[in-house]
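Per chain, numbering begins at 1; letters A, B, ... match sequence-line order.
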Number of protein chains: 2
Amino acid sequence: MPASVPLPPLAYPDRDEITVEAVLRALADPVRLAMVRQLANSETEISCSGFEVPVTKSTLTHHLATLRQAGVIVGRQVGTTRYNALRRNDLDALFPGLLDGVLAAPR
Amino acid sequence: MPASVPLPPLAYPDRDEITVEAVLRALADPVRLAMVRQLANSETEISCSGFEVPVTKSTLTHHLATLRQAGVIVGRQVGTTRYNALRRNDLDALFPGLLDGVLAAPR
DNA sequence: CGGATAGTTCGATGAACGTCGTAGTTCGAT
DNA sequence: ATCGAACTACGACGTTCATCGAACTATCCG
């Protein structure tokens, strides 16, 4: 059995690697949009199990990965839990108004 | 053979029927995003055959229908050609900043 | 150590989507 | 009336994607 390797620290795109298309694709799913809304309305970060969405845990992990790879969220690992937060600064800098416009939507 | 019926006037969603999710899905495709960019950068409306995208005409029609049903564009019929334009007013009213944020994206 | 908790990974599956070609319809011009 | 131009509609095909359950890893706590 191979020696245990320290977890690959979970790659995030740099600000200049974030594309508007990936962000739009990430936001276009109802579950992920709900997650982003919860993050935007929350004072604190939200852990994987802290999201209120009607999917199983494995599906939730998949959505988190999609948002992460698109550059929409970052995760801070603490023990076994990962606290997620919106990359507001980066998104606002790259696409000013986009996130606010989405969040302003009545539905 | 049935008598020729005047073209069903091609239904568009009312402003209050436009959902942010449908708009995001519509914008999330590279071809459609290119079309929206061309519309935004154009002084005039653009006909179906006026878009510069690497797809066949039937595919283009499909993308136009997607944008239309999402409430992103309107079409004005003149003879056999349909001139398309962005629904800037409606989109800006519903999701202020969204469209500008997307169009401001370097890529 | 052993158990519980938090996430991830891995197929598998079914639905949605982008793409195309062909055929059809409407309209304008010859 | 016939032809061509501009789209639209339909059916088909392959890919991507959201979803799930089950197995797995890692961490924390008695």
Side-chain angles (χ1 to χ4, degrees), chain A residues 1-12 19 21-36 44-70 72-85, chain B residues 1-12 19 21-36 44-70 72-85:
Chain A
M1 189 186 300
S4 121
V5 177
L7 270 178
L10 215 45
Y12 297 92
T19 68
E21 194 193 313
V23 171
L24 290 172
R25 287 195 87 81
L27 297 179
D29 181 85
V31 173
R32 289 193 292 263
L33 188 55
M35 294 166 68
V36 169
T44 72
E45 300 159 303
I46 300 181
S47 69
C48 181
S49 54
F51 288 100
E52 294 179 3
V53 287
V55 293
T56 66
K57 225 188 298 187
S58 62
T59 302
L60 217 162
T61 296
H62 165 247
H63 286 311
L64 283 172
T66 300
L67 290 169
R68 193 175 64 234
Q69 290 160 9
V72 178
I73 63 172
V74 277
R76 186 172 56 92
Q77 188 84 24
V78 176
T80 62
T81 86
R82 183 194 313 278
Y83 294 98
N84 302 283
Chain B
M1 190 186 300
S4 124
V5 177
L7 272 177
L10 216 43
Y12 297 91
T19 68
E21 194 194 312
V23 171
L24 290 172
R25 289 196 86 82
L27 297 180
D29 180 84
V31 173
R32 288 192 293 263
L33 187 55
M35 293 166 69
V36 169
T44 71
E45 300 159 303
I46 300 182
S47 68
C48 180
S49 53
F51 289 99
E52 294 179 3
V53 287
V55 292
T56 66
K57 226 186 289 190
S58 64
T59 301
L60 216 162
T61 296
H62 166 247
H63 286 312
L64 283 171
T66 301
L67 290 170
R68 196 174 62 232
Q69 288 159 11
V72 178
I73 63 172
V74 277
R76 185 172 57 90
Q77 188 85 24
V78 176
T80 62
T81 87
R82 184 192 313 278
Y83 293 99
N84 302 284

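To the nearest 0.5 Å, the span separating CD1 on A:I46 from OG1 on A:T81 amounts to 12.5 Å. Note that OG of A:S47 and CZ of A:R76 are 11.0 Å apart. Values are rounded to the nearest 0.5 Å. Atom CD of B:E45 sits about 8.0 Å away from atom CG of B:N84, to the nearest 0.5 Å.
The CG atom of A:L60 sits 18 Å away from the P atom of C:dT5 (whole-angstrom rounding). Rounded to whole Å, atom P of D:dT8 lies 11 Å from atom CZ of B:F51. Across the protein-nucleic acid pair, A:L67 atom CG and C:dT8 atom P stand 12 Å apart, rounded to whole Å. As a whole-Å value, the separation of A:N84 CG from C:dG7 P is 8 Å. A straight line from CD of A:E45 to P of C:dG7 spans 12 Å, rounded to a whole angstrom. A straight line from CD of A:Q69 to C1' of D:dC17 spans 13 Å, rounded to a whole angstrom. Here the C1' atom of nucleotide C:dA6 and the CG atom of A:L64 are 12 Å apart, to the nearest Å. Taking atom CG of residue A:L27 and atom C1' of nucleotide D:dA18, one finds them 16 Å apart after rounding to whole Å.
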Check nucleotides 23-25 of chain D against the protein and report each pair of N or O atoms closer than 3.5 Å, with its distance, or say if there are none.
none

Using a cut-off of under 3.5 Å, enumerate the N/O to N/O pairs linking the protein to nucleotides 28-30 of chain C.
none

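Residues B:M35 and B:L60 approach most closely at CE-CD2, 3.7 Å, considering heavy atoms. Counting all heavy atoms, side chain and backbone alike, B:A28 lies closest to A:E21 at O-CG, 3.4 Å. Of all non-hydrogen atoms in A:A70 and A:A22, the two that sit nearest each other are CB-O, 3.7 Å. Across all their heavy atoms, B:L24 and A:L27 have their closest contact at CD1-O, 3.5 Å.
Side-chain atoms of B:R32 do not come within 3.5 Å of backbone N or O of B:H63 as any donor-acceptor pair.
Side chains of B:R25 and B:T66 form no contact here, defined as non-hydrogen atoms less than 4.5 Å apart.
Under the side chain to side chain donor-acceptor pair (under 3.5 Å) criterion, B:H62 pairs with no residue at all, not counting sequence neighbours.
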(request) Report the secondary structure of DNA chain C in dot-bracket form, marking unpaired bases with a dot and bases paired to a different strand with |, and treating Watson-Crick or G-U pairs with both distances under 3.5 Å as paired. (result) ||||||||||||||||||||||||||||||
(message) Return a single string for nucleotides 9-21 of chain C, one symbol per nucleotide in 5' to 3' order, where B is base contact, S is sugar-phosphate-only contact and - is none, cutoff 4.0 angstrom on heavy atoms.
(response) B-------SSBBB
Distance-only criterion, 3.5 Å: show the donor-acceptor pairs between side-chain atoms of residues 50-57 of chain B and protein atoms not counting sequence neighbours.
residue : atom : partner : partner atom : Å
B:T56   : OG1  : B:S58   : OG           : 3.4
B:T56   : OG1  : B:T59   : OG1          : 3.3

